[in-house]
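Quick note: numbers below take in every heavy atom, side chains included, and nothing from hydrogens, waters or symmetry partners.
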Amino acid sequence: MTRHASKAAYLNEIRGLITKMHNASIGAAYRVKVITRFAAHSFIAVHNKTGLRLSYHWAALVYVLLTYFSLVPISFAADDPRPLEVKEVAPGVFVHKGINALMLAENGGAIANVGFVVGAQSVAVIDTGGSRRQGEALLKSIEQHTDLPVRWVINTHVHPDHVFGNAAFLGRDVAFVGHVRLPDALQQRFEHYLAANRASMTERLLAGTELVLPTETVADVRQIDLGGRILTLRAWPVAHTDSDLTVFDETTGTLFSGDLVFLEHLPSIDGSLRGWQKALDGLAAIPATRVVPGHGPIDSPWPAAIEPERRYFDALAKDLKTAIDAGIPLATAVQTAGEGERGDWLLFDQFNMRNATAAYAELEWE
Amino acid sequence: MTLSTFTAAVAALVMGIGLSAGTAIAQSVVAPAGAETDEVWSGLVTDVFDGRPMQDGAGIIELEAPYRAEDAAIVPMAMNVKLPPNDTRSIRKVTLVIDQNPAPVAAVFELGEKAGIERIETRVRVNMYSKVHAVAEASDGTLYMTEKFVKASGGCSAPANKDAVAALKNLGQMKLRQFAAATPAPGTERREAQVMLRHPQYSGLQMDQVTRNYIPAWFISDLTVRQGEDMLLKVSGGISLSEDPNIRFSYLSNGADTITVDAIDTEQKVFRSSFPVENGGS
Ligand SMILES: [Zn+2]
């Protein structure tokens, strides 16, 4: 058993072990090892009657036990996550509603709507959330609602709040499915997303989050059978991103639109404004009765749900065309374009100028 | 456990939480400290400018950069250059540097001797929180520097292409926009032009899905704009210039009736177009 030169050295070791244990990717076996180790330390300490050292041993043991069994709320203790809260919006269709915010430490990246559909034989997951941890929480939630195995993990596009949870489903007999251009998009962007979100979400909350590429891709339309339940996957031309995929559950008329539909939360344009405007007509033709948008209320009427974003896109395009025709440079034009829509959206300041920038660069070629 | 032991335990517990939380907070702060970036900049002064001394650019070069990179792939930057009226020198070169980018030198702009360029706007990729430097070189070799700090964009914006397939399909398409300058100088015809060239500007960070090899960087290395025979502007660019390079600048007309743009990329592909000078701009 290691002896410690000083109280500081001992505390350092405790801190190191606790930090490692906080790491969400470390399993129960490691925790048992840590607890056993502290118990052994404490036993020796009791026998040596080393006053101060003893008290720190006890402190560490109490702390580890409290953390492990979650007897007290310790906000930063990243234990196994609790099952993700989901709502059954239609029979066999479960959705977790993301909050309207940027990915931050306090929301664990859980900002997108994610869900799963249960058939007679298997389960399909639609988007996995903003961290491996959220993916694990989603998996727990699935296990609470069904004994059937997850066979499909579908990503609606490349953005981190939709794909960061993928790693939670590794090591299972699942197919990861995405748009035919998703592998490229992920390869180009994933490292950057990880670095950028470490800054806002902390390293610890992103522990174990890793790049998981699709094992199957969709170039046009593909149907998957969950057992008496068909999901129709459709790949779209460049719109929100260059890897947008929708999932339609015919049984209940539920459309998972991914980020092709935003409600309340201002849309973010990371593909093509014109492409997205065009896609709206194609989307509206889908015979759904409800939509689960990528962001916003999880059970929204269809196709009325696309009208707010259609109006925003039209207003933004009109403002930008006027500015471009008048020779107003990009940096100036983006200060005011789309401003008339401000009152109708959340996160307007976070996304409008970005949208205007990307759309200006697109529209000036027209 | 005695009461005093328990008290000590609680104290240590609280301390443990404090220490652990402290670690987490320290890890979450990634904005580089001033000292660190200055180190980066002094390294760049050595590598890019051979360690030559830098004068304060106030009044000679001004850099316009947004407070935050809204879209990491398209960040507008503008440089205004002007020497005092009695100064007999001219500004011959402007270098734009994004300190924290993988390839910090975004572009070197050489200004034509009689071009009278006073403003250059372009668009760059900004990977993370970064200082941005603009350096003007006068005809006597003196360097003038100014800097801005640009905050990184949000976590779902990447300095990547929006539509890689379209970028290839439209490769080499060129457009010239012409504007009448807002403030014409007396006795001269000051105008503005904007050169737009379709090019994917691959950064060398993309991977080929089939071969699993990195696609080599592929970008416009040189772009020259002439009015008649006179050079207006020569741009030596790198991967930090945004997809579809876009350069807008003010200049003095020499009365020529055509503007010609010649560009070459790192694969030696040549792009060339001539445009008639429009009367009065658009
Ligand atoms: Zn998205």
For the interface with chain A, which of [options] has the highest count of heavy-atom pairs at distances below 4.5 Å?
{"options": "B:Val165, B:Asp244, B:Asn170, B:Val75", "value": "B:Val165"}
{"options": "B:Pro66, B:Ala73, B:Cys156", "value": "B:Cys156"}
{"options": "B:Met77, B:Arg248, B:Glu121, B:Met196", "value": "B:Met196"}
{"options": "B:Gln173, B:Glu243, B:Arg123", "value": "B:Arg123"}

Checklist entry - chain B: which of A:Gly271, A:Ala185, A:Gly109 shares the most heavy-atom pairs with it under 4.5 Å? => result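 Max contact count across the listed options: A:Gly271.
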Heavy-atom cut-off 4.5 Å, strictly under: side chain, backbone, both or neither for [X] against chain A?
{"X": "B:Ser157", "result": "both"}
{"X": "B:Gln194", "result": "side chain"}
{"X": "B:Arg68", "result": "side chain"}

Please flag which part of [X] lies under 4.5 Å from any non-hydrogen atom of chain B: side chain, backbone, both or neither.
{"X": "A:Ile324", "result": "both"}
{"X": "A:Met103", "result": "neither"}
{"X": "A:Pro329", "result": "both"}
{"X": "A:Asp349", "result": "backbone"}

Could you measure the distance from the [atom1] atom of [X] to the [atom2] atom of [Y]? Nearest 0.5 Å is fine.
{"X": "B:Tyr67", "Y": "A:Met353", "atom1": "OH", "atom2": "CE", "answer": "11.5 Å"}
{"X": "B:Ser153", "Y": "A:His192", "atom1": "OG", "atom2": "NE2", "answer": "5.0 Å"}
{"X": "A:Asp270", "Y": "B:Asp71", "atom1": "CG", "atom2": "CG", "answer": "6.5 Å"}

Item to check | Residues A:Asp242 and B:Lys162 bridged, charged N to O under 4.0 Å | outcome: no
Checklist entry - With a 4.5 Å heavy-atom cut-off, do B:Glu70 and A:Phe351 have their side chains touching? => result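 SC-SC contact between B:Glu70 and A:Phe351 ruled out.
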Checklist entry - Just wondering, do A:Arg181 and B:Asp163 contact through their side chains at under 4.5 Å, heavy atoms? => result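 Result yes, sub-4.5 Å side-chain heavy-atom pair found.
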Item to check | Closest non-hydrogen atom pair, B:Ile74 against A:Ala358 | outcome: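 Heavy atoms of B:Ile74 and A:Ala358 come nearest at CD1-CA, 3.9 Å.
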Checklist entry - What are the two closest heavy atoms between A:Trp365 and B:Met174, and how far apart are they? => result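 Taking A:Trp365 first and B:Met174 second, the nearest heavy atoms are CZ3-C, 4.4 Å.
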Next on the checklist: side chain to side chain donor-acceptor pair (under 3.5 Å) for A:Glu364 and B:Asn246? Distances and angles first, verdict last.
Outcome noted: CA-CA 11 Å; A:Glu364 72 184 331; B:Asn246 196 309; 2.9 Å; yes
Checklist entry - Should the heavy atoms of other residues, nucleotides or ligands under 6.0 Å from NZ of B:Lys175 be counted, would the total exceed 12? => result yes
